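These numbers come from the heavy atoms of this one structure, side chains and all, not from hydrogens, waters or symmetry mates. Every number for a ligand or one of its atoms is a count from 1 in the order of the listing. Source: prediction; values computed, not measured.
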Amino acid sequence: MVSFVLFAALQTANPPPPARPAAFLGFEPGTDSMLADWKQVSGYMNGLAQQSRFVHVDTLGRTTEGRPFLLMTITSPANQARLADIKRTQALLADPRRLADSAFAAIRNTQPAVILISNNIHSTEVASSQMGMTFAYRLATDPELTRLLDSVVVLMIPSMNPDGLDTVVSWYRRYKGTRYEGGPLPWLYHKYVGHDNNRDWFMVTQAETRLVTRMLYTEWFPEVVYDVHQMGANGVRLFVPPFQDPVNPNLDPALVAAMNLVGAQMAAALYDAGATGVAHQLTYDLWWHGGFRSTPTRHNMVGILTEAASTRLGSPITLAPDSVRQPPRGVNQPAQWPGGTWHLGDIVRYELIAAEALVHLASRDRLTFIDRFVGLGRRAVEAGLAGNPFAYVLPPDQRDPEAWSTLANVLRLGGVEVRRAAEPFTADGRSYPAGSLVVPMGQPYRAHAKDLLEPQQYTPVNDRPPYDVAGWTLPYTMGVRADLVNRPFDANLVNVDSVVVAPGKIQGSGAVFVLRNRTNAESRAVAQLLAAGQSVTVLGDSLIVRGPKARAILSEQAARHGFNVTAVRAPPAGGGGRTLQRLPRIGLYQPWTGNIDEGWTRWLFEQYGITYTTVRDSDLRQGTLRQHFDVIVLPDAEETSLVHGIDSTRIPVQYAGGMGEAGANAVSEFVRDGGTLVCLDGSSNFAIARLNLPVVNVLAGEASGPQVLRFYAPGSIFGVLLGGVEGGSRSPVTVGLSDSLRIYFENSAAFSVSGSARALATYPPRPLRSGYARYQERLEGKAALVEIPVGSRGGRVILFGFRSQFRGQTHGTFKLLFNAVLLTAP
Ligand SMILES: [Zn+2]
């Protein structure tokens, strides 16, 4: 009896080994045409955590569509028992100002290296979501790996977009075995932002970005962040760092060298294992800020990207050797891939070797990783304290106070210290009031703050364009005044956790309310007023509303969002103006091409309470649009894409063919019937052609001819001057806007106008403010924003030759879009 009890106790002490992924899934991750969805991936990970003392799973929060968002912590049982302690120490390492030399000497002997591996942010790049299960299992069971986990904490996000994983896997399963197997999706794989979910890492607008950002900069502070991606099918098999030039000036040289080191370690491990086609220095540069491999580098974290050649989701792809575009054998790719069939399992294998190489390196070089992380933080602090720049000051008297607080909070979310002046002070000879926000450069995340606050000056290397956008200066995109201060100054400053605007109010007395419409929040209030049946009159450069219900809405909105309203007894003299009686019926066109600009527009409307209806191809083709809508918004898309969509050989017929001729004709008829058509960037070409507008996109011909002779601006900020004041009245589109604006331009349009077309915003000489433009002088005198009356029933077309709502960043120009949809309806 006694021996039986002892035997049972021994059994409990030696639980069975964790289940392999194949035992749980019924197939090995990476098997052709088999994809695990989020329920399976998260189910396996949760099970593994129950079976292994090496594995812990946390739910960081909920995704956009409500799925659990997981973070795995994989390390030795001894480290698992002291995770809170390890996290506290990481926070100290991340901010060396709080770390005494004596304490550091003790810490560095016991602290493990902390690395983060993030899978599957781009949902169609599906292999890493499958790889993660095998990786976690191997970390928990393979003695060659488990022995490393005393000195390393491996954090892993199994999918950075679980919603998208399910979207892609269910699409793949539905069309497996048909001609559409592995083909494109007709919708975005993130509810709002699709592929741009990896362009949100400094602005932090989306749920998933917020969860990971909070974990990174307030909880875990890893020394290395490895973001796992795939690219097209035809190139090298795997890109690993070194990245391509140019290097952003805010990156410390030691950080750049460390990225090279990690990439070389991964490549060596792959070639050791007999792989081919692993290459360096392709496509992906070190200029860009905003991706998950780049924003952590502004936080002293070694940011690693790998990009594997894709299959057709779960299905293999066969490539003849001469169809593979790859560099010749050389130092950047010591062995070419010979061509042949490329399987999901090949990607899984390459990614697994790369991830395990990182674990080996982090274990072997633990002390170097820790010392480098601390050294990077120390140098950032010292560089900032030395000045040039010393700080940025954001005074509180801003045109749009909520843009000011949002900018400060974006910095705070990114771990940047922001301080508020308790008393007035002087810096670089300028006086600032109490309440001014100060962003000191003498802080560990100096590179992040500085890169977001200063103008970018991109210099091409070998005339190569930047990988993504070239400029992102937030004070410009958000329309916020931020003053550069070069010399040290004294001020009474207190740390702020988050910034809220001072409550606004209704000033004066009377039952007529005048809005200056300078803030985005006033557009939210206008939408709410119109939705509540309150009429709004556009009069000169103001908006007028009346009555007790309007007062209630305005006082609540003004208090919450920090704008002021003037109450008067009678409307301003002059009379006239346009009066809107109700909220315009807004239709937002959603093509079956997964249009990211549509997603951002939809997101923005929802943020500001602007009610809209999604309009699809079938709705357009039916015609009689004017009966249903006052305003139709076409997102950025080329004319061919709008009219023809995706061919039915590539996508099921119900999603194929675009709006077609019938839809295009119906849109034209809508305008002639008195509707307002708002065209965002590329869709302007559609309207110009279809409605025969007296407007020419002077950049439309730039797609041909030698590249070096073409105008080129990939993602830059330009200045424009507002005009369009005819007979003393502004267009409703520009009511409330400053005469001088900064707009976001990304391979956009520029117009010359004639006849009845009216240029509302025009480029001055040399308009580039941040980023890069080749032949920027070509823009001088051209229009960026145009309004054209059409027909005799009050129809009009508004052409945006830029990105007024670019990636949710451009608070300084949101209002142009809000005005266009709220104030122009007939
Ligand atoms: Zn990707």
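The environment of Arg329 atom CZ is sparse: at most 12 non-hydrogen atoms of other residues, nucleotides or ligands sit within 6.0 angstrom. Within a 6.0 Å sphere centred on CZ of Arg650, heavy atoms belonging to other residues, nucleotides or ligands number 12 at most.
Using a 4.5 Å heavy-atom threshold, the side chains of Met478 and Thr810 count as separate.
Under 2.8 Å from the Zn ion (ligand 1), one finds the following protein N/O/S atoms: His122 ND1, Glu125 OE1, Glu125 OE2, His229 ND1.
Relative ring orientation between Trp187 and Trp171 is described as perpendicular, the plane-to-plane angle rising above 60° on a 0-90° scale split at 30° and 60°.
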CA sep, side-chain torsions, deciding dist, call: Thr477, His811, side-chain hydrogen bond (donor to acceptor under 3.5 Å, both in side chains) = CA-CA 6 Å; Thr477 56; His811 287 247; over 6 Å; no
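The OG1 atom of Thr459 lies 11.5 Å from the CG atom of Asp245; values are rounded to the nearest 0.5 Å.
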